[in-house]
Amino acid sequence: MCGIIGYIGHEPNPEIVDILIDGLQRLEYRGYDSAGVAVMTEAGLELQREVGKLSNLVKKLASIELIGRAGIGHTRWATHGRPTEYNAHPHTDPDKQLVVVHNGIIENYLDLKEELAALGHQFASETDTEVIAHLISHYYQGDLKEAVQKTLLRLEGAYSICVMHVKEPNYLVAAKTSSPLLLGKGDGVNFIASDIPAILRHTRDIIYLEDGDMAVVYPDKLELFRIDGTPLERPVQHIDWNLVAAEKMGYDHFMLKEIHEQPAAFSQTLGGRISEGHQRLYLDEINLTPEQLKGLNRIYIVACGTAYYAGMVGKYLIEKFARIPVEVDVASEFRYRNPILDGQTLVIAISQSGETADTLTAMKLAKQQGALTMGVINVKGSAITRVTDGTLYIHAGPEISVASTKAFIAMLAAVNLLALHFAQVREQISLPELTAAMHELRRLPRLMEETLHAVEAPVNALSTVLLRYHHCLYLGRGINFPIALEGALKLKEISYIHAEGYAAGEMKHGPIALIDALMPVIAVVTEGDAYDKVISNLKEVRARDGLVIAVATVGDERIKDVANEVIYVPAVPEWLSPVINVIPLQLLAYYVALRRGYDVDQPRNLAKSVTVE
Ligand code: AGP
């Protein structure tokens with residue numbers, strides 16, 4: 001995700017940079033790899049950008065006076081192209097006549113870039129956004145709105161953009177598909193922003209753009225259209241939030257907001273990595289040749305906490321599809337157990353922050369021992385990405401809540417892509433099987449939305465049941481065993497209720513001694529190979545007065561014989577079920593912690609990134 005802001009007024013405004021910077025500061029939680037502003041001054045378009053946090057741009061601007069009647073700004077969460085000054089937005093066309101800021105992923109940008117390069121266009125960045133700027137200039141013949149319209153009709157993927165042209169300084173053009181964008185109606189001034197916090201100081205009258213909308217924004221007029229040119233009206237909403245609430249987009253906590261952002265995080269991580277025909281995967285960024293992949297005889301996945309559980313899911317998937325032996329280690333163990341590594345071993349680090357000390361050190365060890373290395377990382381340019389040979393970035397956007405949710409889901413998207421990619425390169429999967437699998441992946445974001453809408457209310461109600469307990473046991477089997485572990489971690493880290501995850505088949509080897517009326521069991525028992533086995537485990541729990549809460553597949557009637565409470569989720573192939581099954585468990589932890597009155601986003605004793613051992 002990135003943050004966008006646009007401003008336009010009648011007169012040159014000496015405070016325009018303050019307005020843009022203040023807006024970007026309130027959007028910085030959406031991305032903080034680099035930032036930039038462009039101002040329409042009397043002398044023309046002035047562009048200033050800086051890599052790193054917004055404060056670096058502020059320092060740069062302190063000695064520069066920019067006065068203008070229109071301006072746009074951007075704070076970046078890097079997707080295509082490393083966090084550098086030349087990749088920072090705004091981006092310009094070859095003649096520096098127009099500037100564009102963009103949030104989203106253009107899936108066909110490489111095709112468009114080749115088409116433009118063949119026409120002589122030269123590019124200064126690695127971004128998909130610069131391609132948009134060049135395409136608009138390619139279509140520009142004196143009417144910016146028309147040039148933007150023609151460009152939008154060529155784009156595939158997610159975007160919210162704001163465009164400014166030196167030859168048409170009286171208006172800005174905005175457009176939105178998939179990534180959020182709204183307009184702010186001021187008094188003789190108007191605004192464009194990624195979301196409310198950026199402009200709430202100036203206006204509370206907001207117009208949300210919908211997918212396929214575009215807008216021409218004048219200082220005292222807003223013209224809205226569909227991309228095909230059809231004029232339209234959108235209602236003006238009056239926002240009465242306070243600013244802090246606004247940054248949570250109306251949610252009470254970042255955790256709940258991020259749980260609801262999971263379909264987008266999953267979809268954005270798939271992004272442009274699956275070809276339109278679902279025939280092949282584009283994972284060049286992992287920097288592993290087909291020969292290296294074919295020569296692998298073992299994979300280690302090293303991570304901590306939630307990321308470790310994503311790695312456990314990855315093990316099931318890579319062994320299922322690519323038939324490569326996978327070991328999953330917590331990084332703090334891996335680095336001290338003198339692992340056996342060589343040039344036919346791939347070590348994969350999974351980390352949201354890319355700064356976790358144990359994982360970073362583990363990767364340095366892997367490099368020293370001559371293993372191939374890669375990362376599955378959320379934060380661009382973070383420490384681990386500077387150690388590994390390649391990185392498959394997850395596009396979850398900044399995750400603010402200490403309890404990781406959308407990053408976990410994006411990690412699951414990444415390990416699915418890796419498993420299918422390794423299988424294809426090692427000829428372990430037929431093209432029809434691959435195509436079918438990728439089609440299933442593409443369906444998941446919609447099924448995740450369906451799950452969120454179906455389970456949130458019943459899970460919220462159910463959370464009152466768990467309030468009275470001090471211990472919980474989470475059970476799962478197979479690919480859902482890691483989900484039981486993750487569900488337990490979520491509950492314990494934000495509600496402080498002791499919770500353990502266990503492989504359901506292990507009950508008879510000890511844990512069943514714990515079962516009585518004071519030990520509830522939360523079981524993941526959706527359709528799958530071991531369904532009957534888990535049902536048997538739950539019968540043993542009920543026989544000892546244990547309360548059973550089950551996550552089960554919609555339509556399952558048998559589960560009612562063994563569960564006191566059932567949370568139904570949509571049916572998906574078992575190998576994809578972790579992506580769906582984790583959602584009720586995240587929500588359960590959230591609502592229990594909420595009812596216990598704890599600080600959900602900043603639980604005691606924890607930090608978002610554990611950069612010390
Ligand atoms: C997850 O909810 C926790 N906050 C924690 O376990 C986290 O997953 C772990 O510290 C790893 O962090 P990383 O993904 O940034 O490496």
Side-chain angles (χ1 to χ4, degrees), residues 32 253-259 261-262 265 269 301-314 328-335 347-364 373-388 391-415 474 482-497 499-501 578 582-583 585-590 592-593 598-613:
Y32 37 74
H253 297 93
F254 280 111
M255 182 180 178
L256 190 58
K257 172 175 166 286
E258 289 156 6
I259 287 172
E261 286 175 337
Q262 292 186 123
T269 300
I301 299 177
V302 292
C304 301
T306 288
Y308 170 68
Y309 301 141
M312 288 178 70
V313 174
V328 191
D329 265 295
V330 284
S332 52
E333 288 299 309
F334 179 84
R335 54 183 291 211
V347 181
I348 303 174
I350 302 182
S351 174
Q352 187 285 128
S353 63
E355 299 292 344
T356 298
D358 288 322
T359 310
L360 176 61
T361 309
M363 294 316 287
K364 288 177 180 172
T373 59
M374 66 162 284
V376 172
I377 309 290
N378 197 31
V379 179
K380 278 272 184 176
S382 52
I384 294 173
T385 68
R386 300 196 296 273
V387 169
T388 53
T391 299
L392 181 62
Y393 281 108
I394 60 176
H395 300 315
E399 189 175 64
I400 308 299
S401 184
V402 166
S404 182
T405 52
K406 64 173 182 174
F408 177 70
I409 282 293
M411 290 169 187
L412 296 187
V415 294
Y474 282 71
I483 299 308
L485 295 170
E486 170 60 8
L489 175 60
K490 285 283 119 9
L491 186 72
K492 74 179 96 171
E493 72 173 320
I494 62 175
S495 76
Y496 317 144
I497 292 174
E500 273 190 272
V582 74
I583 293 173
L585 304 186
Q586 295 166 334
L587 289 167
L588 187 60
Y590 171 79
V592 170
Y598 295 130
D599 182 344
V600 171
D601 283 333
Q602 294 176 340
R604 67 186 182 193
N605 312 336
L606 292 175
K608 183 59 188 167
S609 176
V610 183
T611 56
V612 294
E613 291 183 35

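Every number for a ligand or one of its atoms is a count from 1 in the order of the listing.
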Just jot down the ligand 1 atoms closer than 4.0 angstrom to any heavy atom of Gly305, in number order. 6 (O)
Mind checking whether His253 and Tyr590 have parallel, tilted or perpendicular rings, split at 30° and 60°? perpendicular
Checking a contact table here: which protein heavy atom is nearest atom 9 (C) of ligand 1, and how many Å away? Cys304 O, 3.7 Å
In ligand 1, the atoms that come under 4.0 Å of a heavy atom of Ala403 are 2 (O)
Asp358, Thr359, Asp329 screened by side chain to side chain donor-acceptor pair (under 3.5 Å) with Arg335, the one that passes: Asp358
Supply the atom-to-atom distance Ile583 CD1 to Leu588 CG, rounded to the nearest 0.5 angstrom. 13.5 Å
If you have a sec, work out which protein heavy atom is nearest atom 14 (O) of ligand 1 and how many Å separate them, to one decimal? Gln352 N, 2.7 Å
Output yes when the distance from some N or O of ligand 1 to some N or O of Ser351 is under 3.5 Å, and no in every other case. yes
Do any nitrogen or oxygen atoms of Val402 lie less than 3.5 angstrom from nitrogen or oxygen atoms of ligand 1? yes
So do the side chains of Phe334 and Val347 get within less than 4.5 Å of each other, counting heavy atoms only? yes
protein heavy-atom neighbour closest to atom 2 (O) of ligand 1 works out as Glu493 OE2, 2.5 Å
Can you list the atoms of ligand 1 that are under 4.0 Å from a heavy atom of Ala307? 8 (O), 14 (O)
Quick one: look at Thr356 and ligand 1, take heavy-atom pairs under 4.0 Å, and tell me if it's side chain, backbone, both or neither. side chain
If you measure from OG1 on Thr385 to CD1 on Ile377, what distance do you get to the nearest 0.5 Å? 7.0 Å
Nearest 0.5 angstrom please: Thr306 OG1 to Gln352 CD, how far? 10.5 Å
Just by modelled atom types, is the Ala499 backbone N or O under 3.5 Å from a matching donor or acceptor in the Lys492 side chain? yes
What's the separation between atom CD1 in Ile494 and atom CE in Met255, rounded to the nearest 0.5 Å? 3.5 Å
Look at atom 15 (O) of ligand 1 and say which protein heavy atom is nearest, naming residue and atom and giving the distance to 0.1 Å. Ser353 OG, 2.7 Å
For Ser404, counting its heavy atoms only, list the atoms of ligand 1 lying under 4.0 Å from any of them. 1 (C), 2 (O)
Quick one: look up the protein heavy atom nearest atom 10 (O) of ligand 1 and list residue, atom name and how far away it is. Val610 CG2, 4.1 Å
Thr306 heavy atoms, cut-off 4.0 Å: which ligand 1 atoms fall inside? 1 (C), 2 (O), 6 (O), 8 (O)
In Å and rounded to the nearest 0.5 Å, what is the CG to NZ distance from Leu587 to Lys490? 12.0 Å
Please identify which atoms of ligand 1 are closer than 4.0 Å to at least one heavy atom of Lys490. 1 (C), 2 (O)
